[in-house]
Each structure stands twice: as structure tokens, then as C-alpha cells.
Amino acid sequence: MPAWGSIPGFHRVLKRDSFYYSRLLQCHSSPKSVARIHAQIIATGHGHNPFLASKLVSRYTDLGGRGIDDARRVFDRAPQRDILLWNVMIRSYANSGPQTEAIILYCHLRRTSVRPNCYTYPFVIKACAALGDENEGRAVHADAVRAGLDSDLFVSNALVAFYAKCCEIETARNLFDEIPVKDLVSWNSMIAGYSQNDCAYEAIALLHQMLREDVVTKPDRVTIAALLPACAALAAVQEGMWAHSYVIKTGMEMDARLGSGLVSMYANCGRLDTAQELFERVREPNLILYNSIIRAYGMHGHAKEAVVIFSKMLEMGIEPDGICFICALSACSHAGMVHEGFEIFEMMDSYGVEKGQVHYACMVDLLGRAGQLRRAVEFIGRMPVDPGGDVWGALLGACRIYNDIELAEEAAKKLFLLDPENAGRYAALAKMYEDVGRWEDAARVRKALRDRGVRKPLGCSMVEVDTEVHTFGVEDESHPMTAEIYVVLEQLQKLVVEDEIAAIG
DNA sequence: AACATGTACG
């Protein structure tokens, strides 16, 4: 702009119509120049032009921060609003928040004579998904049906993602199946939906359906990133390695999104070394990638490494979040690093991260596993918030290790009140009674458990051998090779004990 | 002017 202005007579050749300002906005992105062009638009009498208002709304929103407020001022002052202007303003709120504003604007729009079009619905539905507002989303869906736009591919894809986000995974699948010609986003939305709803098997099955049935649509980095949590959940190392090889084969850059998914997948499949190699390969690491690798070390008992990499992350200036502290604290607790755990716990305040139930539970677990049950109880007593099921559950787990039945009863009593549907914890108490021969008490707990009806499945480990997935639960004797497995398990336990003795001596 | 992606205690 300054360069053009310096050409003599330029302003006479160039007509300063709305297209001129539109182009001008296209090539200027700093807050100052956007504001200056905005002033010019008003000064030259183009302020009433809804097309320019749309451009300004988009531009201001792109600036980030408080830019969206400037965008809203442009929208509010526009003397006339066409559907484009409504759409870009709704889009701004859907993407940058507050998403409730997107919905409020849509409601205003419905009361005008301007008709929403096939661009409007994806924006509004996205806002509903971000808020998890199921009722509003259903209403918008109904509007789209009435407007005859629900068969639009973008609207359908947005609805699939929305219902998946609201845990209506079957509704999502039904809509997905209705899409006659699916595109990459259709497949990605549905695969991601399954992954996020703990339907790991379905996610992987759908990928295979995509590869089999849709010859034109090829998986991209979004497909892979959505698939990886499913591979991790099933410890499906074959599928996970296929995903990894696909990344390499198609020359995808190893960004933090793919990296964190792959790190977690390999860690869950027991391949810590591969997870570590992958972590180092990511050029621009971010918080989530660090969280993944810290958890990976922690879950494999390498707490020292987990803490080292946690410190390295802080040195790099990456701000930790609540999840990051959960990963670091649990690493400490599995390795008995009580002192380090408390240091990290105290750091939460200085980083402005709020301490949640899970963090307190980690600390109880840390003390409890280390055998400091009294200190754990004191810690619970000093908590500034009411201890929840997570906290009592951690204490109960520790009582189980150290056979403190009285304290276990106390913790279990609280758990019955707070978290009556969690079967695994009562099973732990019942097992303790059985260990000391208090069969009647054990039977009483198991009966109470049955009476409550809902039985959450117990946790289990999995391992994939060739093409078969084997699962193992606590006290599980259902596997055809149970006898052999327990022989090996006993050998391992002997090795661990010898190792511990060697470490002490 | 459009919809889809990663990390979480026991």
C-alpha cells in the first residue's frame, strides 16, 4: 500500500471501489493495517457494504486475541447483513469462541428474513459440538432438514462429528451410512468419533472398510491421528505399525500430532524404545507430545527419565497443564519417588495449574504405594477440597498392598457413597478379606456389589501375538495357557524379588 | 465463507 501510494497519479488510475479495499485487506494482516484500512473504508463511504464487512470480520478474527470483538463491532454496525456476513461472524465464534455466541447469532438470524444456507449449518453445528450442547444441535439438525440442506455433504459431515462428540455414536453411524458419496472428512469424522467413544475395534474396522470400499479416498494425517488412540487402546501393535509405516511411506512430516499418537501407541504396546526414537524425531515438540513421552516412561517404571524429560520440557519454556502433572506424578508414585513427587506437586501452584481430584489421588497413591499410609490419611485430611472417589480409591489400593484392612474398610465405606458403580474397588476389598480368611465379610462385599446391579468391567492387559489378541485380568484363569502363564509369572516375581534384595543389599 | 486429528490417576 505505501509503495502504491508513492507512484505519482496512482490513485487516479485505480478505482477505489469495494474490490480495491477487499484486495487491500487480502494482503495486509497486521492489526494496525487492518484498522487503518477499516478507517479508510468508513471514510470513503464504503462502510455500508456487507461484502466488505464480511472481509473485515474475517480479517479481525484472524488477528486472534481480542480481534473477535473488533469483528463483532463491524458486524453490529453493518446497516445491512447478507448471509455471507452472518456466516463469517458465526464462523468466527464457532472457531474462536465463545461458541455460545455462534448459537445466539444463529437464533437471531432465524428471526430475520435472511435464510441460512449450506455454509451456515456446519458452523453452527460445530459450535454445538464444541459446547457439547446436544439439544441445540438436534434443533439445528431439524432446521437443516426443514431447509432441505441435511443431505449436503458438509452438513452431513458436521452432524456426524457432532453426534459423535455427544456420545451418540450410533446416530452418528446411521447418518454416516446415509451419505451416498463419502469424502475424506466423512471417514475421518466417523473414525475419530469411534476412537473418542472408546470404540477402538469399530475405529479400526472402519479404516479397513475405507481402504476396501472407497478407492478414491486415501487416508491422510488426520485419519492416522484419529486411528492411533484406537490402536493404543487395543494394544494393536500390528495396526499401529501399519499406521506408522503409512506415515513413512506417504512421506508425511512427523509433526507433534502424529508423534504424540505414535508415542502413546508404542508405549501402550510395550515398545518404549520405539516410542523414545519417535519422540526424538519430532522437530517441533509441544506439550501433548511431552505428556505422551512422560507417561510412556512413567508407565514403564522409568521415573527418573520421566522427571528428567519433564524438567527439560519446562526449561524449553513449554507450559505444563493438568495432564502433564498427572503423568509426572504417577511416574514418581510407581517408582516410590515420594520426595520428587512432592516437589512436582508444589510446582503446580507456581505454574498456575489447578490441583484437581486426580492430582490429590496421585499424591495419596504416591504415599500409599510407598507404605506411608498414615501420611496418606493426613494428606487427605488436609485437602482443601472434599476428597472424591479417586482419592479414596487410591487409598484403598494402598491398603490392599499393605494389608491394612481397617483403613481399607474406611476407604471402601466412602467409596460406596461416592462411586457406587465402580466394581473394581469393591473387588479389591473382598480380595483382602479372602486373603485373611474372613470369608463371610468377603461374601458380604461381593453380594453388595452384585446388588448394586451395574458391573463395570474390570481392567485388563492385552498382548497381540501374531494376529491374535490375548487379554488378561486380575486372577484371570480363562486363558487356554493359564498354567504356563502363571509359571512364567511366578518366575518373574522371583526375579523381581531377587532384584529388590540385590538393590537393598 | 464449509465439516475431520493427539496427551490423563487407580
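Naming convention: chains lettered A, B, ... in sequence-line order (proteins, then strands); numbering from 1 in each chain.
Atom CD of E284(A) sits in a sparse spot, with 12 or fewer heavy atoms from other residues, nucleotides or ligands closer than 6.0 Å.
In this structure, the aromatic ring of Y119(A) is not positioned over the six-membered ring of the base of dA2(B) within 5.5 Å between centres and 30° between planes.
Taking the six-membered ring where tryptophan is involved, the planes of F379(A) and Y360(A) are tilted, since the angle between them lies from 30° to 60°. In this pair, F75(A) and W86(A) present their aromatic rings perpendicular. The plane angle is above 60°, beyond the 30 to 60° band.
Within 4.0 Å of A192(A), counting heavy atoms only, lie sugar-phosphate atoms of the nucleic acid but no base atom. Here S189(A) lies in heavy-atom contact (under 4.0 Å) with sugar-phosphate atoms only. Using a 4.0 Å heavy-atom cutoff across all strands shown, D365(A) reaches sugar-phosphate atoms only and no base atom. Among the heavy atoms of the strands, none lies under 4.0 Å from Y121(A). Residue R221(A) is in base contact, counting any heavy-atom pair closer than 4.0 Å across all strands shown.
Ranking dA8(B), dA2(B), dT5(B) by closeness to the I323(A) side chain, first place goes to dA8(B). Residue F154(A) has its side chain nearest to dC3(B) when only dA1(B), dA8(B), dC3(B) are considered. Residue N95(A) places its side chain closer to dC3(B) than to any other of dC9(B), dA4(B), dC3(B). Each of dA4(B), dT7(B), dC9(B) was ranked by its minimum atom distance to the side chain of D390(A); first place goes to dC9(B). Relative to the side chain of C327(A), the nucleotides dT5(B), dA8(B), dC3(B) differ in distance, and dA8(B) lies closest. Set against dT7(B), dT5(B), dA1(B), the side chain of F123(A) has dA1(B) as its closest nucleotide. Which of dA4(B), dT7(B), dA1(B) sits closest to the side chain of L184(A) comes down to dA4(B). When distances run from any side-chain atom of C118(A) to the nucleotides dT7(B), dC9(B), dA2(B), the shortest one goes to dA2(B). Nearest to the side-chain atoms of I326(A) among the listed nucleotides dC9(B), dG6(B), dA1(B) stands dC9(B). For N117(A), counting side-chain heavy atoms from C-beta on, the closest listed nucleotide (dA4(B), dA1(B), dT7(B)) is dA1(B).
Defined by atom type and a distance below 3.5 Å, a donor-acceptor pair is missing between the side-chain atoms of S92(A) and R72(A). Side-chain contact, R173(A) with Y194(A): a donor N or O sits under 3.5 Å from an acceptor N or O. Residues N174(A) and Y163(A) bring no donor and acceptor atom of their side chains to less than 3.5 Å of each other.
A heavy-atom distance below 4.0 Å to DNA chain B is reached by these residues of residues 157-178 of chain A, ordered by number: N157(A), A161(A).
Distance H359(A) NE2 to dT7(B) P: 17 Å, rounded to the nearest Å. Distance F345(A) CZ to dC9(B) P: 17 Å, rounded to the nearest Å. If you take CZ of R257(A) and C1' of dT5(B), they are 5 Å apart, rounded to a whole angstrom. In this structure, the OH atom of Y290(A) is 21 Å from the P atom of dG6(B), given to the nearest Å. Computed from coordinates, the I90(A) CD1 to dA1(B) P distance equals 16 Å when rounded to whole Å. When rounded to the nearest whole Å, the span between CH2 of W187(A) and C1' of dA4(B) equals 14 Å. Note: CG (L153(A)) to P (dA1(B)) measures 18 Å, nearest angstrom. Taking atom CG of residue L289(A) and atom P of nucleotide dA8(B), one finds them 12 Å apart after rounding to whole Å.
For dG6(B), the base has a donor-acceptor partner in the side chain of N286(A) [N/O atoms by modelled type, under 3.5 angstrom].
Residues satisfying the ring pair (Phe, Tyr, Trp, His ring centres under 6.0 Å) criterion with H244(A), sequence neighbours excluded, are Y266(A).
Q196(A) has no side-chain polar atom (N or O) that falls below the 4.0 Å cut-off from OP1 or OP2 of dA4(B).
Residues S186(A) and L153(A) form a side-chain contact, since some pair of their non-hydrogen atoms from C-beta on lies under 4.5 Å apart.
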Can you give the donor-acceptor pairs under 3.5 Å from side chains of residues 308-326 of chain A to other protein atoms, not counting sequence neighbours?
| residue | atom | partner | partner atom | Å |
| --- | --- | --- | --- | --- |
| S311(A) | OG | V307(A) | O | 2.9 |
| D321(A) | OD1 | N291(A) | ND2 | 3.3 |
| D321(A) | OD1 | I323(A) | N | 3.4 |
| D321(A) | OD1 | C324(A) | N | 2.9 |

